[in-house]
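For reference, the structure discussed in these notes is given below.
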Amino acid sequence: MRTNFSRKYQPEFRLLPAEDDEIHLGYLAAVFIFFGVLSLITAWKLSEPVATLHNGAVSFRPQPIAEEVEPLEAGEEYAAKNYALIGPFTIDRPGQVLKVEMSIAQPALNAWCFVEGELLDEEQDYLLSFGQELWHEKGRDDEGLWDETEKSSEMKLTIPQRGKYYFNIKTQGNFRPDQIFVTLTLPYASSIPHTIFGILTLLIGVALEKIRRMRKSS
């Protein structure tokens, strides 16, 4: 009696046909691709600005505060010097992301300028900075003539504490721009985690779909 009971209720195990395995792999790939696309859409929505702190051009204005005189470096005509100060502006939420966009008009040929952005606290003390070289070059190589320009810079900064802040701009190089166009915006949140997750899940989904097709064709 005990033997019959165990046989009666013993689950039946069987191997899935190859067609079912391919179907399940296809479903799994579709799930990864779906969540990858969803994460990238979420990252795009999170990066949309909810407030604009500054949007416009700034011109060179020597600051009334004393600053150290930087020596000229090789190839420079203008040493590092404060260009313009924006602020104060208020950050109300700890961990707020600040998106900074800076651009200049088309530089002259063989001109370069290093533009640096500095985040300052309420007392105008240095907190952090970033910078990028903007330039215009032209030449010839084995493939023919080339003409390349870099005239914009973009960075996202995370501000850990609420309070009042300033954004200071410094320049150095063989020319000084007449104007620098600056946009400071506050996105809803950081889009980096969702972007990374979205890219990884998309890659996994595409890889699974490729494996499914290879199994199907073999």
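Both backbone and side-chain heavy atoms feed into the values below; hydrogens, waters and symmetry mates do not.
Between the side chain of Glu209 and the backbone N or O of Leu25 there is no donor-acceptor pair closer than 3.5 Å. With Glu150 contributing its side chain and Glu133 its backbone, the two residues share no donor-acceptor pair below 3.5 Å. The backbone N or O of Ala111 sits nowhere less than 3.5 Å from a side-chain atom of Asn174 that would complete a donor-acceptor pair.
The shortest side-chain heavy-atom distance between Pro177 and Cys113 falls under the 4.5 Å cut-off. Considering only heavy atoms from C-beta on, Gln172 stays 4.5 Å or farther from Lys170 through its side chain.
At most 12 non-hydrogen atoms from other residues, nucleotides or ligands lie less than 6.0 angstrom from CZ of Phe35. Heavy-atom contacts from other residues, nucleotides or ligands closer than 6.0 Å to CD of Gln161 number 12 or fewer. For Asp178, the CG atom sits in a loose shell: 12 or fewer heavy atoms of surrounding residues, nucleotides or ligands are nearer than 6.0 Å.
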Apply side chain to side chain contact (heavy atoms under 4.5 Å, CB included) to the pair Phe130 and Val100, showing each step before the final yes or no.
CA-CA 10 Å; Phe130 72 95; Val100 181; 3.7 Å; yes

Test log, rule side chain to side chain contact (heavy atoms under 4.5 Å, CB included), inputs Ser103 and Lys151:
CA-CA 6 Å; Ser103 63; Lys151 58 180 182 179; 5.8 Å; no

His54 and Phe89: side chain to side chain contact (heavy atoms under 4.5 Å, CB included), yes or no, with the steps?
CA-CA 9 Å; His54 181 87; Phe89 51 86; over 6 Å; no

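The minimum heavy-atom distance linking Glu118 with Ser129 is given by the pair CG-CB, 3.8 Å.
Under the 4.5 Å side-chain contact rule for hydrophobic residues, Phe181 and Leu184 do not share a cluster. By the rule that hydrophobic residues join a cluster once side-chain heavy atoms approach within less than 4.5 Å of another member, Tyr78 and Leu109 end up as members of separate clusters. Both Val58 and Leu53 belong to a common hydrophobic cluster when Ile, Leu, Val, Met, Phe, Trp and Tyr are linked at side-chain heavy-atom distances under 4.5 angstrom. Leu40 and Leu208 fall into different hydrophobic clusters, where Ile, Leu, Val, Met, Phe, Trp and Tyr are joined by side-chain heavy atoms under 4.5 Å apart, directly or via other members. In terms of hydrophobic clustering, with Ile, Leu, Val, Met, Phe, Trp and Tyr side chains grouped at heavy-atom distances under 4.5 Å, Leu127 and Leu186 are assigned to a common cluster.
Here the CE-CD distance, from Met102 to Gln132, works out to 8.5 Å after rounding to the nearest 0.5 Å.
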